[in-house]
Amino acid sequence: MSVAALRQVEVDYPRGRALGPFDLAIGDGELVALVGPSGCGKSTALRLLAGLEAPTRGEASRLQGRGETSVVFQAATLAPWMSAAANVALPLELAGVARAEARRRAAGALARVGLAGAEQARPAQLSGGMAMRVSLARALVTAPRLLLLDEPFAALDEITRRALADDVLALWHETKPAIVFVTHNVEEAVYMASRVVVMSKGPGVTVHEEAVAGALPRPAGFRTTPGFRKSVETVSAALARGMGAPA
Amino acid sequence: MRRAFELLAPWLLLAALLGLWEAACRGLAIPPYLLPPPSAVGAAIASGWPSLIVSTWNTLKMALLALAVASVLAQALALAISLSPTAERAVRPLAVILQVTPVIAIAPLVIIWAGADNPARAIVVLAAIVAFFPIFSGAVTGLKAADPDLSRLFRLYGATRLQTLARLRLPSAIPYLLEGHKVAAGLSVIGAVVAEFVAGSGAAQGLAWRILEAGNRLQTARMFAALVVLGLMAALLHVAIDRAEKAALAWWRGR
């Protein structure tokens with residue numbers, strides 16, 4: 001069963017075509033990574049899946065229920081005037097959940113991302129990694145069936161990035177939402193996804209789809225296994241092809 | 001030692017300039033109606049203190065009243081036009097024309113409308129016109145300044161227009177509103193003084209009237225006295241608003 005699908009979508013902006021024709025179907029509970037060079041339309045594809053943008057041509061179908069789709073952007077995108085708990089409770093409060101109940105569930109979501117006790121902190125008092133976790137908690141608080149991550153770790157250092165990648169996989173394991181995440185880091189894509197979709201330079205089309213073998217969440221040392229290395233090499237080669245590099 | 005000198009530097013400069021001024025007046029025998037020495041200005045402040053205080057209060061009252069009127073009107077109008085892009089396009093050119101028209105040129109009209117026996121009303125209206133625009137522009141800009149990704153999230157979560165306004169656009173506008181009010185506070189004092197020059201004053205005479213009155217009598221030291229008090233008042237108002245802005249911003253940013 002698919003939770004969101006793009007069929008032959010094309011997106012035109014005033015300066016030219018940004019994406020497509022592009023196809024992508026996301027299965028229930030699937031972990032999909034979108035990789036591609038800058039400006040290939042990865043983020044556009046994600047906004048189509050979220051329903052934040054409509055395709056110029058083609059068809060985009062998605063979950064219609066409130067809070068069934070959540071997005072995490074490259075920046076934490078927290079409201080600076082609100083506490084961490086208020087930021088996380090926001091999607092619930094906007095949907096009409098009573099304030100006390102929303103705050104209680106927000107505290108639970110913060111605890112799930114390892115930020116119990118940080119409820120009253122303001123975004124400015126948090127480190128980049130912590131702010132990203134608050135953003136993740138806000139995305140999880142509605143118990144979404146589809147979680148869209150737009151280069152969520154791009155602004156973080158390598159150690160924080162890896163820790164968050166493992167945390168996202170652990171969170172995925174708990175409730176199994178479908179996750180689509182955009183990155184231009186090939187190793188991160190292969191590590192986190194069971195399917196890696198490689199896009200060409202803009203306007204992006206699919207150059208290659210790589211099925212990554214191995215258990216999710218990843219066992220320790222997964223990055224050194226031959227399977228991991230092979231997938232990274234295949235995806236890197238496809239990425240180079242998609243950028244127009246000579247074979 | 002060096003730090004003490006840094007702190008004292010502005011005062012030392014002031015003292016030096018005043019000393020130079022005093023010496024020049026005495027040494028060159030400048031007639032006091034042309035340029036009174038600082039000592040005479042000091043004496044004028046000391047002797048005119050009771051009336052200066054009353055006038056300062058009157059000017060400050062007018063300026064603050066104008067600021068309050070401008071604040072309410074500017075924010076209400078900005079909010080109204082922010083609800084529709086068409087309304088904003090319609091209002092902008094008119095607002096710009098009104099803004100670039102010198103307030104002095106509007107003054108005679110306002111005086112007629114306020115009634116000749118009601119100069120205080122005319123002063124508040126004129127000062128409010130000057131103070132209106134920084135708040136209005138700040139509010140219009142601020143209401144559009146929400147983080148685009150945060151706006152997308154509000155859309156994704158199905159927020160109504162009212163929710164988006166109350167929980168995203170208004171809070172996002174706060175830094176712009178604070179900046180607008182800071183600029184407007186300075187302008188409202190200028191507006192109140194200029195308006196009093198043009199509209200005159202009724203029973204409540206402000207500092208502008210003190211300056212004009214002393215000027216008409218060639219009591220130049222008293223003109224300087226009123227000017228000094230006016231400068232001090234404006235500086236104190238500026239410091240107060242600046243402190244309030246910084247505190248509010250710190251609260252808004254959460255640090």
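As the structure is a prediction and not an experimental result, all values here were calculated from the model. Convention: sequence-line order gives letters A, B, ...; per-chain numbering from 1. Because only heavy atoms are used, hydrogens play no part in the values below, and waters and symmetry mates are left out as well, while side chains stay in.
- No more than 12 heavy atoms of other residues, nucleotides or ligands shown are found within 6.0 angstrom of NZ on K201(A).
- The shortest side-chain heavy-atom distance between R152(B) and T77(A) does not fall under the 4.5 Å cut-off.
- Within the model, atoms CG of L153(B) and CG of L90(A) stand 8.5 Å from one another, a figure rounded to the nearest 0.5 Å.
- Checked against side-chain hydrogen bond (donor to acceptor under 3.5 Å, both in side chains), R195(A) has the following partners two or more places apart in sequence or in another chain: E30(A), E209(A).
- For L168(B), the parts sitting under 4.5 Å from any heavy atom of chain A are the backbone and the side chain alike.
- Contact annotation: the side chain of R167(B) approaches that of M82(A) to within less than 4.5 Å [non-hydrogen atoms, C-beta and beyond].
- The side chain to side chain donor-acceptor pair (under 3.5 Å) contacts involving residues 80-92 of chain A comprise nothing, where partners must be two or more places apart or lie in separate chains.
- For residues 71-86 of chain A, there are no salt bridge (Lys or Arg N to Asp or Glu O under 4.0 Å) pairs, not counting sequence neighbours.
- With a 4.5 Å cut-off on non-hydrogen atoms, S172(B) touches chain A through its backbone and its side chain both.
- The backbone N or O of R122(A) sits nowhere less than 3.5 Å from a side-chain atom of R253(B) that would complete a donor-acceptor pair.
- Only the side chain of R47(A) comes within less than 4.5 Å of a heavy atom of chain B; its backbone N, CA, C and O stay farther away.
- Only the side chain of D147(B) comes within contact range of chain A, with at least one heavy atom under 4.5 Å from a heavy atom of that chain.
- At a heavy-atom separation below 4.5 angstrom, chain B is approached by L52(A), R66(A), T69(A), S70(A), V71(A), F73(A) within residues 51-74 of chain A.
- In terms of heavy-atom pairs under 4.5 Å with chain A, the best-connected choice from G158(B), A159(B), P171(B) is P171(B).
- Counting heavy-atom neighbours within 6.0 Å of L7(B) CG, excluding the residue itself, gives a total above 12.
- Put simply, OG1 on T160(B) and CG on L94(A) are 8.0 Å apart, with the number rounded to the nearest 0.5 Å.
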